[in-house]
**Q** 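There's a structure below that I have some questions on.
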Amino acid sequence: MGGLDLDLYPFVQRTLPNEGEIRILSVARLVEKKGFLTLLKAFQRIHQEYPRTTLHIIGTGKDGEKLRIFIDENQLNERVFLRGPMDSNQISNELRDSHLFCLASETGEDGDVEGIPNALKEAMASGLPVISTFHGGIPELIEHKKTGYLVPEKDDLKLAQGLKYFLSHPRVWKRYTRSARQVIDENFDLNKQIIEQQRLYSLIEKNNEIN
C-alpha cells in the first residue's frame with residue numbers, strides 16, 4: 001500500500017466560504033483514464049448554479065490540448081485553470097487553499113485502469129471532501145457517503161450531483177473529512193509502514209538466527 005509522508009499533508013478542517021472563490025481541485029496526468037473531459041462537463045453543469053466555483057487542474061499530459069479546446073469553446077477560461085506540473089510541496093499548498101477535490105477516473109479505450117490514486121489519498125489526508133468514481137481500486141479507499149462521494153465513471157450528470165452534494169450540504173464536511181483522514185492515518189501513514197517493515201525484518205532476522 002503506497003504510504004504518504006503525512007507531515008506534508010496536515011489535516012485542515014474545511015468550511016464552505018461565505019464569499020469569494022469556491023475552489024475545486026484536481027491533480028493527475030492529463031490522460032484519458034483520469035476523466036478530465038467528464039469533469040469539465042460536470043463543472044459546466046454546476047457553475048451556473050454555483051457561480052463562485054472555480055476548477056483548478058494540476059498536471060501535464062497528452063490530453064492537455066483537447067482540454068484547452070473544450071475550455072475555450074465553452075467560455076470557461078475565467079473559471080477553469082490548467083495549472084501545469086507541480087512538485088509535492090506546491091501540491092500540498094494547493095490542497096491547503098482548496099475546498100473540494102474531484103478525480104473523475106474512468107477506464108480508457110485501451111482498457112487502462114487505476115489502482116488507488118495517490119492524489120486522492122493526499123486530498124483525504126489534507127481534509128478536503130473528495131468526489132470520485134466507482135473505478136479500479138478507488139472504492140477500496142473511499143466508502144461512498146462515509147469518507148467521500150462516488151459516482152459511476154463517465155457520467156458527468158452524476159459527477160455534477162456529487163459536487164452539488166457537498167456544495168449544498170456544508171454541514172457534512174466535518175464528518176466526511178475526519179473519517180477520511182482516519183482511513184489515511186490507519187492505512188497509508190508512511191512512517192507507520194516503515195516502523196512495521198523494520199519490525200518484520202527484525203523478526204525474520206531473529207528467525208534466521210535461531211535456524
Side-chain angles (χ1 to χ4, degrees), residues 4 8-9 12 14 16-17 20-110 112-133 135-136 138 148-149 151 153-164 166-167:
L4 296 184
L8 194 55
Y9 305 102
V12 178
R14 312 303 159 126
L16 189 67
E21 180 184 13
I22 301 168
R23 185 181 289 218
I24 301 164
L25 183 66
S26 195
V27 181
R29 283 180 302 122
L30 308 185
V31 295
E32 188 193 6
K33 74 172 179 182
K34 300 297 184 177
F36 280 116
L37 275 176
T38 304
L39 174 55
L40 288 173
K41 289 172 188 169
F43 179 77
Q44 207 178 4
R45 288 179 179 278
I46 65 151
H47 102 279
Q48 304 288 345
E49 192 176 339
Y50 299 93
R52 293 191 290 126
T53 52
T54 58
L55 175 60
H56 293 251
I57 294 172
I58 296 170
T60 57
K62 62 180 178 16
D63 281 4
E65 193 52 37
K66 197 188 288 185
L67 302 182
R68 274 185 206 95
I69 290 166
F70 184 94
I71 290 163
D72 283 342
E73 286 179 349
N74 293 279
Q75 288 91 46
L76 291 170
N77 290 294
E78 300 198 352
R79 308 313 295 164
V80 179
F81 306 96
L82 297 178
R83 304 283 303 280
M86 293 190 187
D87 65 27
S88 297
N89 285 309
Q90 290 170 310
I91 290 170
S92 174
N93 290 336
E94 292 293 326
L95 288 163
R96 188 194 60 216
D97 294 340
S98 300
H99 302 101
L100 296 175
F101 189 91
C102 187
L103 188 65
S105 299
E106 55 192 48
T107 307
E109 280 185 13
D110 56 1
D112 199 4
V113 174
E114 295 266 31
I116 299 178
N118 266 340
L120 282 172
K121 296 180 206 166
E122 292 162 4
M124 290 165 75
S126 303
L128 283 169
V130 292
I131 303 99
S132 193
T133 53
H135 168 89
I138 293 169
Y149 196 105
V151 304
E153 56 180 77
K154 302 183 183 179
D155 189 334
D156 58 286
L157 177 59
K158 290 274 172 63
L159 194 65
Q161 286 171 355
L163 290 163
K164 279 170 75 166
F166 284 118
L167 291 168

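All values below come from the heavy atoms of this structure, side chains included, with hydrogens, waters and symmetry mates left out.
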**Q** Taking everything shown except R79 itself, do over 12 heavy atoms lie less than 6.0 Å from its CZ?
**A** yes

**Q** Can you check whether T54 reaches V80 side chain to side chain, under 4.5 Å on heavy atoms?
**A** no

**Q** Give the minimum heavy-atom separation between K164 and I46, together with the two atoms involved.
**A** CG-CG2, 3.6 Å

**Q** Got a salt bridge between R23 and D97, using NZ or NE/NH1/NH2 to carboxylate O under 4.0 Å?
**A** no

**Q** If every non-hydrogen atom of S26 is compared with every non-hydrogen atom of C102, which pair is closest and at what distance?
**A** OG-O, 2.6 Å

**Q** Rounded to the nearest 0.5 Å, how far does CZ of F36 lie from CG of D63?
**A** 9.5 Å

**Q** Looking only at non-hydrogen atoms, find the nearest pair between L95 and L25 and report the distance.
**A** CD2-CD2, 3.7 Å

**Q** Rounded to the nearest 0.5 Å, how far does CD1 of I71 lie from CZ of F43?
**A** 10.0 Å

**Q** Please round to the nearest 0.5 Å and tell me the distance separating atom CG of L120 and atom CG of L103.
**A** 5.0 Å

**Q** Can you confirm whether L40 sits close enough to L55 that some side-chain heavy atom of one is under 4.5 Å from a side-chain heavy atom of the other?
**A** yes

**Q** Show the numbers, then the answer: is there a side chain to side chain contact (heavy atoms under 4.5 Å, CB included) between K121 and Y9?
**A** CA-CA 10 Å; K121 296 180 206 166; Y9 305 102; over 6 Å; no

**Q** So, does D112 use its side chain to make a donor-acceptor pair with the main chain of G108 at under 3.5 Å?
**A** no

**Q** Report yes if the side chains of I22 and P17 come closer than 4.5 Å at any heavy-atom pair, otherwise no.
**A** yes

**Q** Assess whether a salt bridge exists between K62 and E32, defined as any Lys/Arg side-chain N lying under 4.0 Å from an Asp/Glu carboxylate O.
**A** no

**Q** For a side chain to side chain donor-acceptor pair (under 3.5 Å) check, start with the C-alpha distance between E114 and H135, then their side-chain angles and the critical distance, and finish with the verdict.
**A** CA-CA 7 Å; E114 295 266 31; H135 168 89; 5.4 Å; no

**Q** For the NZ atom of K158 and the CZ atom of R45, what is their distance to the nearest 0.5 Å?
**A** 11.5 Å

**Q** Is there a donor-acceptor contact under 3.5 Å linking the side chains of H99 and R14?
**A** no

**Q** For E122, does its backbone N or O pair with a side-chain atom of S126 as donor and acceptor, under 3.5 Å?
**A** yes

**Q** I'd like to know whether I116 forms a side chain to side chain contact (heavy atoms under 4.5 Å, CB included) with I138, so could you lay out the CA-CA distance, the side-chain angles of the two residues, the decisive distance to 0.1 Å, and finally the verdict.
**A** CA-CA 5 Å; I116 299 178; I138 293 169; over 6 Å; no

**Q** To the nearest 0.5 Å, how far apart are CG in L76 and NE2 in H47?
**A** 5.5 Å

**Q** Go through the steps for R52 and E21 under the test side chain to side chain contact (heavy atoms under 4.5 Å, CB included), then give the verdict.
**A** CA-CA 5 Å; R52 293 191 290 126; E21 180 184 13; over 6 Å; no

**Q** At their closest point, which heavy atom of P117 faces which heavy atom of G115, and how far apart are they?
**A** CD-O, 3.6 Å

**Q** Quick check: closest heavy atoms across L128 and F101, and the distance to 0.1 Å?
**A** CD1-CB, 4.0 Å

**Q** Regarding E106 and T133, do their side chains bring together a donor and an acceptor under 3.5 Å, going by distance alone?
**A** no

**Q** If every non-hydrogen atom of L167 is compared with every non-hydrogen atom of L16, which pair is closest and at what distance?
**A** O-CD2, 3.5 Å

**Q** Y149: which residues meet the side chain to side chain donor-acceptor pair (under 3.5 Å) condition with it, sequence neighbours left out?
**A** none

**Q** One pair to check against side chain to side chain donor-acceptor pair (under 3.5 Å): E153 and T107. What are the steps and the verdict?
**A** CA-CA 8 Å; E153 56 180 77; T107 307; 3.1 Å; yes

**Q** A side-chain contact here means heavy atoms from C-beta on lying under 4.5 Å apart; do R68 and L82 qualify?
**A** yes

**Q** With side chain to side chain contact (heavy atoms under 4.5 Å, CB included) as the criterion, how do T38 and D155 come out once you've worked through the C-alpha distance, each side chain's angles and the decisive distance to 0.1 Å?
**A** CA-CA 7 Å; T38 304; D155 189 334; 5.9 Å; no

**Q** May I ask you to check whether over 12 heavy atoms, not counting those of K154, lie within 6.0 Å of atom NZ?
**A** yes

**Q** When rounded to the nearest 0.5 angstrom, what distance separates CD1 in I131 from CG in L163?
**A** 4.5 Å

